[in-house]
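Below you'll find the structure, written out as structure tokens, and then a few comments.
Letters A, B, ... mirror the listed sequences (proteins, then strands); counts begin at 1. Predicted model only: the values in this text are computed from it and were never measured.
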Protein chains: 2
Amino acid sequence: MKLNKKPVTGMKDILPEEMRIREYVQSVISSTYATYGFTRIETPCVESIENLTSKQGGDNEKLIFKVMKRGDKLDEAMTQVAAGNAHQDSIADSGLRYDLTVPLVRFYSNNSASLPSPFKALQMGNVWRADRPQRGRFRQFMQCDIDILGEPGNLAEIELILATTATLGKLGFKGFEIRISDRRLLQAMSAYAGFAESDFESVCITLDKLDKIGLDGVRAELIENGKTEGSVDKYLGLFKNAPGTPFDFASRLQGSADKAIAENLEEIIGAVEAAKEADFKMVFDPTLVRGMGYYTGTIFEIAIPQFGGSCGGGGRYDKMVGRFTGNDVPACGFSIGFERIVMLLLENGFNVPEPAKKAYLIEKGVGGERLSSIMAKAKEERSAGRSILVVRMNKNKKFQKEGLEAQGYTEFEEFYNEELKH
Amino acid sequence: MKLNKKPVTGMKDILPEEMRIREYVQSVISSTYATYGFTRIETPCVESIENLTSKQGGDNEKLIFKVMKRGDKLDEAMTQVAAGNAHQDSIADSGLRYDLTVPLVRFYSNNSASLPSPFKALQMGNVWRADRPQRGRFRQFMQCDIDILGEPGNLAEIELILATTATLGKLGFKGFEIRISDRRLLQAMSAYAGFAESDFESVCITLDKLDKIGLDGVRAELIENGKTEGSVDKYLGLFKNAPGTPFDFASRLQGSADKAIAENLEEIIGAVEAAKEADFKMVFDPTLVRGMGYYTGTIFEIAIPQFGGSCGGGGRYDKMVGRFTGNDVPACGFSIGFERIVMLLLENGFNVPEPAKKAYLIEKGVGGERLSSIMAKAKEERSAGRSILVVRMNKNKKFQKEGLEAQGYTEFEEFYNEELKH
């Protein structure tokens, strides 16, 4: 029986051309974040099923690739399920991680005694989601997260935004925006409009569609969901005019928002504008939502004109470490859209800077001492850091060279059986 | 309910100190193999269960982490198992890869039309084996494989050995050995001794224990397994004296071995010795076995004195692509023991070369314009490639600095509320 040549549904093989770009992007990320004091860590790709289904992952928890128990434990679970004593979920003891945040917080909780405080972490790793396959979206993809744990003040936000935008700048992006707001401001807006506290999440879900359905669409959906016209119009009135600065906008809320929230945003925006390496703008955007329920303060998002939507984002999540240890630790993180960046560079024919490459073409039959001396010559060039490909010469040498040129080889040297022919 | 802080059984969190070494080793591997014309590729961590259980993986197939089907397909599989119509294995549709060879061959079969020939691949990626947990051995670990597909001649072996030893040399290893032999020579030895062809695998399994149980132990086990004393003694007679060169040894086999096998080994050894970058020796070792059944020709192994046993190895496997496509393609590969190398560097306190690192300590309460100007100053240094950590000053500044020194920070600059105090 022939084996299956295809990758599993929704996952992909990565060929040399894309891999060169991925490796380049990773190296830029790693070296740039290092200048901001971030250090890399890694967690296993597999996490316990309890942690993965702890409601920290939102909708992603529906998309887990579950890993089966093994040996006696599997047999026992199967027996229990067959007898109707257990749900079929009990066959799994673990699963593939769907993000890097839950594993990071577990990691921090497990290792904080050995880590500096504040701890500035950089993670680059694959995550898996059993999403419906669609163009450009895969079931295995790389995430790149930076997080600062143990820093309660906005130095965390400032550093995360500066480091991330510096990285994007080094990758050639410019003219982009970092949109920023605060989850507590969203709460204040909701309170100001008179929505019930229990409606907060649902109001946010609707507001999050603003880009797609416009103010009228948001209005219709809020009313359809049973909100009063008075509250809805008071809410939407907040967005009729440009928001202005955080201070301006907070004054519209007539005391519903703690003054410190706007101050915090002003300070972040001011410091980032003063110290930014890349060409981008900080934009205060009170309609920014960010989906995850675990955010407790600042939220932010990258908007790059070349992309339709966001290319990463993050925020503060001060309550998640407490789920593991019982003691909250301030935390703030930023995730950049690694796959989208790679895709854009690939589509634009981005050339990874690399040194000149040379190919040795060796006639068939060259062996023994002659081959040894050719290999020794290659060694000299390789030791000096040059890239030398040593291959047998094909009958159709011209075609072979064209193929090698397409791979970036610019120099050729030919070796024949008799020294003379060389 | 508190969440679980620990990684899943047998897997580990990787802290910054180890991660620095891993990243360094990966960059040396990637850049050195690049000078030998290898290009990186990646395959998904998940492979179809059919491919993983196709008998290419030997004993590793018993150690697969299996991934459950999802949705309707899971329900259907559960129903079939409960009704006794299907084995519980049918609950899984995929699994985590246990090596990089099966995925590579699938990758090549799927993408060969877009790949150069010969194709020189470098893979670095995690693999998973549900092994009994033990010290220094983990259920998720990184493998690093290089392979050449499409090259029938020994240029493949020569290049693989040169590139791999150059990499080891750059990582600081010297005085090591590359042991080499040929699976066909093992067959010839077996035939010379008069063992039945069907006994070949079992004889190899016993011979593979030579290092542990010595010649007497091998003799006892072969006889216990029903081999005749005559054959056993003829077989072991081959190893009484040093093997000499491949030509010397082949002559002992009195025509059982094809002359081309010894010639091939002589040529590989000669070319590698002439063109090697690193300080090591090629050693012909006819007792070398290498476990995997898929090898069809040359086999080789790295022996580093600092390690007890082998630190990687490989060989030629010309028949595996045919399992996927129906057409054999010559293939030869080498896997280096990434985790063992990292462990050794870590235990020896290896210092990854990195530029000087500086920390800014900012007094609590510094904000607004003052903070902005400090961040702008940091920007100047960071843009120049320096690593600057910006943190709040602790009450116990001395203790804080000691901690930072332990992380490699050698310079400090302090910033207070009033410029004067600076």
Side-chain angles (χ1 to χ4, degrees), chain A residues 3-8 11 13-16 19 23 34-35 37 39-44 46 48 50-51 54 65-68 70 78 82 88 92 94 106-107 109-111 114 116 130 140 159 267 270-271 274-275 277 323-324 367-368 371-372 375-376 379 382-383 387 389-391 403 407, chain B residues 3-8 11 13-16 19 23 34-35 37 39-44 46 48 50-51 54 65-68 70 78 82 88 92 94 106-107 109-111 114 116 118 130 140 159 267 270-271 274-275 277 323-324 367-368 371-372 375-376 379 382-383 387 389-390 403 407:
Chain A
L3 295 173
N4 187 357
K5 296 196 293 187
K6 295 283 168 205
V8 295
M11 303 193 192
D13 289 332
I14 302 175
L15 274 74
M19 201 59 207
E23 201 177 0
T35 65
T39 52
R40 284 188 71 171
I41 61 151
E42 236 177 64
T43 65
V46 180
S48 73
E50 294 78 18
N51 287 359
S54 65
F65 284 98
K66 292 179 182 162
V67 174
M68 283 166 70
R70 295 152 301 280
M78 290 302 294
Q88 63 191 34
S94 54
R106 184 198 54 66
F107 172 97
S109 305
N110 191 32
N111 299 294
S114 318
Q140 170 177 317
E159 286 279 86
E267 196 165 75
E277 274 191 63
R323 293 289 313 272
F324 287 85
L371 182 62
S372 293
M375 299 309 298
K379 180 198 86 168
R382 286 165 167 169
S383 298
S387 179
L389 180 76
V390 179
V391 285
Q407 292 169 56
Chain B
L3 295 173
N4 186 357
K5 297 197 293 184
K6 296 281 167 204
V8 295
M11 301 193 193
D13 289 332
I14 302 174
L15 274 74
M19 201 59 206
E23 201 177 1
T35 66
T39 52
R40 284 188 72 172
I41 61 152
E42 234 177 64
T43 65
V46 180
S48 72
E50 294 78 18
N51 286 359
S54 65
F65 283 98
K66 291 179 182 162
V67 174
M68 282 166 71
R70 295 153 300 281
M78 290 301 294
Q88 64 192 34
S94 53
R106 185 198 54 66
F107 172 98
S109 306
N110 190 32
N111 299 294
S114 318
Q140 170 178 316
E159 285 280 85
E267 197 165 76
E277 275 190 62
R323 293 289 313 273
F324 286 84
L371 182 62
S372 292
M375 298 309 297
K379 180 198 86 168
R382 286 164 167 170
S383 298
S387 180
L389 180 76
V390 179
Q407 292 169 55

Nearest non-hydrogen partners of [X] and [Y], listed with the distance:
X      : Y      : value
A:E159 : B:V390 : OE2-CB, 3.6 Å
B:V8   : A:V46  : CG2-O, 3.8 Å
B:E267 : A:G368 : OE2-N, 2.7 Å
B:S372 : A:A275 : O-CB, 4.5 Å
B:P116 : A:Q407 : CB-NE2, 3.0 Å
B:S387 : A:A34  : OG-O, 2.7 Å

Can you say whether [X] sits under 4.5 Å from chain B via the side chain, the backbone, both, or neither, judging by heavy atoms?
X      : value
A:E23  : side chain
A:A92  : both
A:T39  : side chain
A:Q140 : side chain
A:M11  : both

Are the side chains of A:F107 and B:L15 in contact, using a 4.5 Å heavy-atom criterion?
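The answer is yes, as the side chains (C-beta and beyond) meet within the 4.5 Å cut-off.
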Less than 4.5 Å apart, any side-chain heavy atom of A:L3 and any of B:R106?
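No; the side chains remain at least 4.5 Å from each other.
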Tell me, out of [options], who's got the most heavy-atom pairs with chain B below 4.5 Å.
options               : answer
A:A82, A:P7, A:A376   : A:P7
A:Q88, A:M78, A:R40   : A:R40
A:V391, A:V67, A:L389 : A:V67
A:S94, A:A271, A:A130 : A:A271

With chain A, which of B:S48, B:G270, B:S383 has the greatest number of heavy-atom pairs at distances under 4.5 Å?
B:S383
Pair B:R382 + A:E277, salt bridge at N-O below 4.0 Å:
no
Walk me through whether A:K66 and B:R70 qualify under side chain to side chain contact (heavy atoms under 4.5 Å, CB included).
CA-CA 9 Å; A:K66 292 179 182 162; B:R70 295 153 300 281; over 6 Å; no
